[in-house]
Amino acid sequence: MEEPQIDCNGTDNRNIDLSHHLSGEARNRVANPLKDILRVISECPVTDLISMANGDPHHSLYPFRQIMYEVPSIQGASDPVTSWRNNSGLAQIIRSYKDQECALSIRDAFPYSRAAGLKQCRDVLTDFTKLIFAPPNHHVTLTLGNSDGITKVFRLFGEKGDHFLTDEFSFPSMTNSPLAYGVKWVGVKMDSGGIIPEELERVLVKWDEVKSGRRPHVLYIIPVGQNPTGSTLSVDRRKKIYAIAQRWDLIIIEDDPYYFLQYDIPQTNCAPADPDEFIKNFRSTLIPTFLSMDVDGRVLRIDTFSKVLAPGMRLGWITSNKLFHLKLADYTDSSTQPPHAFGQMFVTEMLSEHGWKVEGFCRWLKSLCSDYQSRRDFLLDVFRREVESTGYASVNCPEAGMFVWIEVFFEKHPRFVCERYSGGSPVVARTNTERLLKELFERLMNTQGVVFIPSSTFAIPENPLWVESDGHVPLSDRARFLRATFGGTEDIIEKGMIRLGKGLREFFQD
């Protein structure tokens with residue numbers, strides 16, 4: 001695999017003016033005047049400044065002096081995830097104090113703060129981002145997890161009547177967000193390798209601004225372990241997509257919650273003892289990001305701890321150019337406010353000298369990958385035994401993420417209907433695949449007691465204005481998949497596959 005931080009276009013940020021991408025809302029939003037005063041106060045050089053301007057309780061009234069986190073001990077553990085899960089490994093205590101030395105004290109963490117997040121937490125995440133992704137001239141803004149970050153970014157760029165680009169199967173919790181303020185979606189064709197660059201450019205070339213409004217200027221994409229299909233973009237496709245973004249002046253929203261869950265990576269015989277060498281080796285196994293290629297400042301990368309620590313932490317970060325960073329901060333200062341202090345304290349201590357440090361976190365991530373890969377491989381083995389043998393379905397082998405994409409062969413069903421295309425709208429269904437998929441989902445749930453998400457849930461509605469009439473197969477006829485997770489235990493996975501196999505046999509014999 002290629003070195004992950006190779007910059008395919010050079011390393012100098014060309015400071016391209018991208019302000020024309022901002023929505024009217026983002027342009028019109030003014031800085032929160034109270035937070036602006038706090039910024040001025042924080043930069044005051046007076047050492048014995050007495051503040052009678054704040055409205056938060058004095059730290060002496062906080063009802064806690066120490067917060068402890070019991071975490072796995074990473075040092076000396078070859079597989080800390082397995083040891084922790086089996087209660088066979090050592091534990092480490094990470095502490096946050098009010099009055100004793102630590103990376104981020106309770107005294108500093110709990111007052112009202114400014115939008116981008118507490119400086120100590122931003123600093124450790126900025127250092128981590130530079131070390132792993134090496135972005136040219138970018139800035140970190142903390143978020144309340146991926147959903148918060150993505151919805152804010154959508155508002156940063158979306159106007160009523162706009163069209164955003166995304167995979168033709170995409171995560172509905174996110175694509176649903178901008179619909180309420182008038183942004184529509186254009187799904188770009190995919191294959192087993194993810195979004196197809198040539199299809200992306202075809203949409204842009206053929207776009208008719210008279211009929212459809214202004215050409216799309218935002219691409220939202222999950223490039224690693226894509227949700228729902230599990231596909232991962234190759235380096236070659238990433239370079240092609242970034243070049244298309246430069247030619248057509250696109251903003252790329254790189255939503256990458258599964259980035260650190262990459263599989264089938266060649267393992268060395270022994271992990272380097274030197275921390276810097278371990279981090280360097282770990283980083284070299286990871287696929288390059290759009291952020292690492294971004295010389296223009298047109299990539300906003302969304303990261304989160306949800307998949308590698310815990311979803312309920314609700315803590316993540318956006319890496320972007322300075323203009324977008326400041327605009328996001330203005331939005332946050334007048335809406336959600338920065339993330340909670342508990343999460344920021346934990347992450348700061350975890351990545352500091354008092355905790356795991358970056359090396360320890362990377363060791364945890366490496367171990368986590370091995371654990372998820374074992375679960376994936378177990379699911380695939382049981383699928384071959386229980387489901388593939390029916391002849392009614394197949395499954396992909398994802399290179400990353402938490403999901404497999406199960407294709408169901410509905411054309412083998414006795415009630416399958418297919419009509420010849422004889423003109424008219426190229427996006428109107430010619431088969432009853434969608435109805436059969438819905439029926440299969442309900443039968444599996446109600447009679448077999450197992451649930452999968454049908455692909456129709458993720459399908460981006462098509463519009464005949466931006467699809468090719470010749471040879472086009474409507475998405476509703478191609479939505480013949482079920483999304484399944486391998487995040488559960490082996491017992492859950494095996495029972496689920498056994499029930500799927502039995503359910504398919506009964507369904508296709510109907």
Side-chain angles (χ1 to χ4, degrees), residues 162-172 174-175 183-208 211-212 215-245 247-248 250-255 290 394 396 398-401 403-411 418 421 424-431 433-434 437 453-483:
D162 276 353
H163 293 82
F164 285 179
L165 300 154
T166 191
D167 306 276
E168 62 182 352
F169 293 104
S170 195
F171 186 47
M174 294 298 95
T175 55
V183 173
K184 299 178 181 178
W185 289 97
V186 178
V188 180
K189 278 189 178 179
M190 308 172 69
D191 60 16
S192 59
I195 196 169
I196 303 170
E198 293 75 16
E199 291 292 331
L200 172 63
E201 188 142 41
R202 185 192 62 76
V203 170
L204 294 165
V205 168
K206 292 186 172 293
W207 192 267
D208 187 335
K211 294 180 179 179
S212 303
R215 185 178 283 107
H217 69 115
V218 172
L219 170 64
Y220 167 67
I221 194 165
I222 305 173
V224 175
Q226 197 260 358
N227 187 0
T229 68
S231 61
T232 295
L233 287 174
S234 67
V235 175
D236 181 62
R237 287 198 181 189
R238 289 165 193 260
K239 290 180 178 180
K240 287 179 178 178
I241 290 169
Y242 190 81
I244 291 168
R247 280 197 295 276
W248 293 95
L250 299 179
I251 295 295
I252 298 176
I253 303 173
E254 183 179 24
D255 177 15
F290 282 108
S394 66
N396 69 329
E399 299 173 29
F403 305 110
V404 294
W405 198 227
I406 299 171
E407 183 175 8
V408 182
F409 306 141
F410 288 108
E411 68 275 11
C418 180
Y421 178 61
S425 173
V427 303
V428 172
R430 297 163 215 162
T431 72
T433 296
E434 194 168 15
L437 178 66
I453 304 296
S455 54
S456 54
T457 307
F458 306 97
I460 300 296
E462 290 185 302
N463 188 311
L465 292 176
W466 55 74
V467 302
E468 292 279 5
S469 296
D470 295 338
H472 178 73
V473 179
L475 187 59
S476 55
D477 293 334
R478 290 183 283 121
R480 44 192 276 150
F481 300 89
L482 298 169
R483 191 197 74 176

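As the structure is a prediction and not an experimental result, all values here were calculated from the model.
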[X] (side chain) donor-acceptor with [Y] (main chain) under 3.5 angstrom:
X	Y	value
Ser231	Gln226	no
Arg237	Ile195	yes
Glu199	Lys189	no
Trp185	Thr175	yes
Glu462	Leu475	yes
Asp255	Tyr220	no
Asp477	Arg430	yes

Kindly compute the distance separating [atom1] ([X]) from [atom2] ([Y]), expressed to the nearest 0.5 Å.
X	Y	atom1	atom2	result
Asn463	Lys211	CG	NZ	10.5 Å
Leu204	Arg247	CG	CZ	9.5 Å
Arg480	Phe409	CZ	CZ	6.5 Å

Query raised in the report: Do the ring planes of Phe169 and Phe481 sit parallel (below 30°), tilted (30 to 60°) or perpendicular (above 60°)?
Result: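 Rings of Phe169 and Phe481: perpendicular, as their planes differ by over 60°.
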**Report entry** salt bridge (Lys or Arg N to Asp or Glu O under 4.0 Å) partners for Lys240, two or more places apart
**Finding:**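 Salt bridge (Lys or Arg N to Asp or Glu O under 4.0 Å) check on Lys240 returns Glu198, Asp236.
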Query raised in the report: Among all residues two or more places apart in sequence or in another chain, which pass the salt bridge (Lys or Arg N to Asp or Glu O under 4.0 Å) test with Arg483?
Result: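 For Arg483, no residue satisfies salt bridge (Lys or Arg N to Asp or Glu O under 4.0 Å) once neighbours in sequence are set aside.
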Query raised in the report: Would one find more than 12 heavy atoms of other residues, nucleotides or ligands at under 6.0 Å from atom CD of Glu434?
Result: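 No - once you tally the heavy atoms of other residues, nucleotides and ligands closer than 6.0 Å, there are 12 at most.
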Requested in this report: Would you indicate whether the side-chain heavy atoms of Arg238 and Phe290 approach each other to under 4.5 Å?
Outcome: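 Of all side-chain heavy-atom pairs linking Arg238 with Phe290, at least one is under 4.5 Å.
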Requested in this report: For residues Glu411 and Cys418, determine if any side-chain heavy atom of one lies less than 4.5 Å from a side-chain heavy atom of the other.
Outcome: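 No; the side chains remain at least 4.5 Å from each other.
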